[in-house]
Each structure stands twice: as C-alpha cells, then as structure tokens.
Novice: 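If you scroll down you'll find the structure; I have some questions about it.
The chains referred to below are lettered A, B, ... by the order of the sequence lines, with proteins before strands, and numbering in each begins at 1.
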2 protein chains.
Amino acid sequence: MDFNYSDTLTHLMGHVIKLHRQSVDLLIQEHDVYPGQPPLLLRLAEQDGQSQKELANKLQVTPATLTVMVNRMQRTGLVIRKPDPVDQRVSRVFLTAKGRQAIDAVKEALQQIECKCLENFSLEEKLLFRRLLWQMHENLQAFKRENT
Amino acid sequence: MDFNYSDTLTHLMGHVIKLHRQSVDLLIQEHDVYPGQPPLLLRLAEQDGQSQKELANKLQVTPATLTVMVNRMQRTGLVIRKPDPVDQRVSRVFLTAKGRQAIDAVKEALQQIECKCLENFSLEEKLLFRRLLWQMHENLQAFKRENT
DNA sequence: TCCTATTAGTTAGACGACTAATTATTAGTG
DNA sequence: CACTAATAATTAGTCGTCTAACTAATAGGA
C-alpha cells in the first residue's frame, strides 16, 4: 500500500492556490499591492476603521501577522493607523485615497481570475465544488478539534 | 454587481489548505519536520541523491528556496548534501537515517489527513472533485501563459 | 586554446505567516 | 482605592517563498 503524495488532492489544491496567487499578483503588482494584502483591503472596503484584532479574526491570522502587514501597507501608503479615542489600547486601520484606488484594481483582478478559474464549469459543478470544499473544511476543522 | 471575496471559491480553498498544513504539522512536528518539508522528503524517498535543480523543478519552487530549505534540513539532520563527482557545480541531496525515519511519520500523517479530508465523500465525488480541480489548474495555467 | 555563454547554486533582502515574550492599557475584584 | 486579570498591540526570532545579484564551474565556438 504505497502512498504517492503527488496523487493527493491537497497536493493538487496547493498548486492551484499557488497559481492563483501568482495570477492575481500579475494584475495588481502595479498598484503597490502585494500578494497577501488583497484580503485585508477587501475587509476594509466592507468597513473602514476596524481594529487590528477584528481584522486579524476575519483574516484568520494572528495579531502579530496583522501588525506586520499593516506596517508595510502603511509604509506603501495604502492604509493608515489611528488610535481609538475611547480605548487607548486599540488602534484602528483606515484606507487612504491610494488604498481606495487600489481596491478597485484588486476587486477587478480577483473577479477576473475567479471567472477564469471557473471556465468550463457548469452551474451544477460550481455548486458541487463548493459543497465538497466545504465538507473538506468541516472535516479538517473536526480533526483539529479532536487533536488539540 | 457587488463582489464578495469571502464568497469566492479560492478564498475557501485557501482556508482549507491552511487547515491542512496545520493539521499535518500537528502530527509531524515531533520529528523535527516543518510544514514545508514533507514534499521534499517524499521526493527524496522516491529517489535519493537528486540534484537541487531536479528537486526544485519537482517541487515547483525556485532554486533559491530550495537552497534555504536544504540548509535548514541539513541543520536539523534530516538530509545531507554531497557534491556531484562528475559536475562540480551540482550538489546532490541525500536522506540521513533520521530523515528516513521521519519519512515514515510524514507518510503516515499525510495519509491520515488525506483520509480525514475525504470523509463522507463518495467515490464519484472524489473523482469529480479531482477533475474540477484539474480543470481549474489548467484554466490558471492558460491564464498565466496568456499574460506573461 | 582561450574567451564567452550558460548553468548550478548561493546570498541578500523583501513579503507572508507563526509562536513566545513584552509593553501598555483597561477591567474587575477584594 | 489598589492590585491583579485580562486584553490589544508590538517585537524578536523562525520558517516558507520570491526576485535579483553574485560566484563558481562547465560547455562551446572562433
């Protein structure tokens, strides 16, 4: 019972994710947006001025990671940090004008790639794919709960 | 026509991949194997003593990345580098005894998680999932070809 | 044969992510 | 009220990955 990692579904998925990142990056790099930043930008587009803790939770990332991300994006002028007036511990992240412009490109790019990804998929296939992916997500979540 | 990144298939896939990594890591970290190393170990299990270039190609990683990976794995004693006797430019990577031991644990872990991932999947669903994933892979590859 | 091109690998510096330890500030309790 | 708990963010150090610049060695052509 030999086991080939290359035949594994997660191996293939990993490659797809990587290709996806690279493809999106091709379209957005001119806006000073790096591959990990689109999710943060989009969360800010939904609601500006969230605390870093809120953002970290939504992005499923540790607060430490978020601090570093915000530092870089502040340096490239996409966002700006402002202290919360009530609670001095929290700092809130706001989009700059440049950030807002970048978001348009980012949305456009993600949309385009998602569309490209799903070329030749029927509606049923899309739905099924999502269902299976979700099932996988739940299975892994269960595994983590059992083994922590 | 508002666009929600959270509803995106690739967003969900990203989470699944992340959970997968974390889950595998739970099972292998005691063997001094870090999350990015299983693929390299398994390639060496297939064929020991490959050149770094060969390995980089198979892992779809740049030579620079491979150099760093091998450095770390050499430091933790999983592999060892030996110069090619014919061509002095190439250095070949070999498993150590510890590396070979780790591989057993890694295979076991990957198998277990892959199995867990696919809980409640029928055979048809597995096949279909792979087919759709492959289609996505081809779509993205085509996109990259068109935009490079 | 010698000089140039190509090739394999490395290094430096950046981004993305994590854990563990640290700093400030707020909340709660005796 | 004072002291301890808990919370938000940061820092330091590591792993994973990339690009660009560099070194060393081989291959090829004039």
Novice: dG30(C) pairs with which nucleotide, Watson-Crick or G-U wobble, both distances below 3.5 Å?
Specialist: dC1(D)

Novice: Linking I/L/V/M/F/W/Y whenever their side-chain heavy atoms sit closer than 4.5 Å, directly or via other members, would Leu59(B) and Val79(B) fall into one cluster?
Specialist: yes

Novice: Ignoring backbone atoms, test whether Thr65(A) places a side-chain nitrogen or oxygen under 4.0 Å from the OP1 or OP2 oxygen of dA17(C).
Specialist: no

Novice: Using a cut-off of strictly less than 4.0 Å, decide whether Arg75(B) has a side-chain nitrogen or oxygen near OP1 or OP2 of dT14(D).
Specialist: no

Novice: When you measure from the side chain of Arg89(B), which nucleotide among dA12(C), dT19(C), dA25(D) comes out closest?
Specialist: dA25(D)

Novice: Measuring from the side chain of Asn71(A) (C-beta onward, heavy atoms only), which nucleotide among dA9(D), dT11(D), dG16(C) has the closest atom?
Specialist: dT11(D)

Novice: So Phe129(B) and Phe129(A), would you call those rings parallel, tilted or perpendicular, with 30° and 60° as cut-offs?
Specialist: parallel

Novice: Say whether Lys18(A) and Gln60(B), considering side chains only, have a donor N or O and an acceptor N or O under 3.5 Å apart.
Specialist: no

Novice: State yes or no: do Leu9(A) and Trp134(A) share one hydrophobic cluster built from I, L, V, M, F, W and Y residues joined by side-chain heavy-atom distances below 4.5 Å, directly or via other members?
Specialist: yes

Novice: Calculate the interatomic distance between Gln22(A) atom CD and dC18(D) atom C1'; express it in whole Å.
Specialist: 9 Å

Novice: Nearest whole angstrom, please: distance from the C1' of dT17(D) to the CE of Met69(B).
Specialist: 10 Å

Novice: Write down the distance between CZ (Arg72(B)) and C1' (dT17(D)), rounded to a whole number of angstrom.
Specialist: 10 Å

Novice: Checking base pairs now: Watson-Crick or wobble, both atom distances under 3.5 Å. What partners dC15(D)?
Specialist: dG16(C)

Novice: Atom OH of Tyr34(B) and atom P of dC15(D): how far apart are they, to the nearest Å?
Specialist: 6 Å

Novice: Rounding to a whole Å, what distance do you find between Leu40(B):CG and dT17(D):C1'?
Specialist: 14 Å

Novice: Expressed in angstrom and rounded to an integer, what is the separation of Asp25(A) atom CG from dC18(D) atom C1'?
Specialist: 10 Å

Novice: What integer distance in Å separates Arg92(A):CZ from dA9(D):P?
Specialist: 8 Å

Novice: Could you check Arg21(A) against Glu54(B) and say which one's nearest nucleotide on DNA chain C is further toward the 5' end?
Specialist: Glu54(B)

Novice: Could you tell me whether the phosphate oxygens of dC18(D), OP1 or OP2, come under 4.0 Å of any side-chain nitrogen or oxygen in Thr62(B)?
Specialist: yes

Novice: What's the closest nucleotide to the side chain of Lys53(A) if the choices are dG9(C), dA9(D), dT25(C)?
Specialist: dA9(D)

Novice: With distance as the sole test, does Lys53(A) use its side chain to make a donor-acceptor pair with the main-chain N or O of Val90(A) at under 3.5 Å?
Specialist: no

Novice: Quick one: is dC18(C) close enough that its OP1 or OP2 comes under 4.0 Å of any side-chain N or O from Lys18(B)?
Specialist: yes

Novice: Rounding to an integer number of Å, can you tell me how far Gln88(B) CD sits from dT26(D) P?
Specialist: 5 Å

Novice: If you find the nucleotide of DNA chain D closest to Thr76(B) and the one closest to Val61(B), which residue's nucleotide is nearer the 5' end?
Specialist: Thr76(B)

Novice: Where each residue is assigned the nucleotide of DNA chain D containing its nearest heavy atom, which of Gln37(B) and Ser91(A) is assigned the position nearer the 5′ end?
Specialist: Ser91(A)

Novice: What is the nucleic acid contact for Val93(B), judged by heavy atoms within less than 4.0 Å: base, sugar-phosphate only, or nothing?
Specialist: nothing

Novice: If the glycosidic angle is within 90 degrees of 0 it's syn, otherwise anti, so just tell me which one dA21(D) is.
Specialist: anti

Novice: Could Arg131(A) and Glu125(B) be called an ion pair, given the rule that one side-chain N must be under 4.0 Å from one carboxylate O?
Specialist: yes

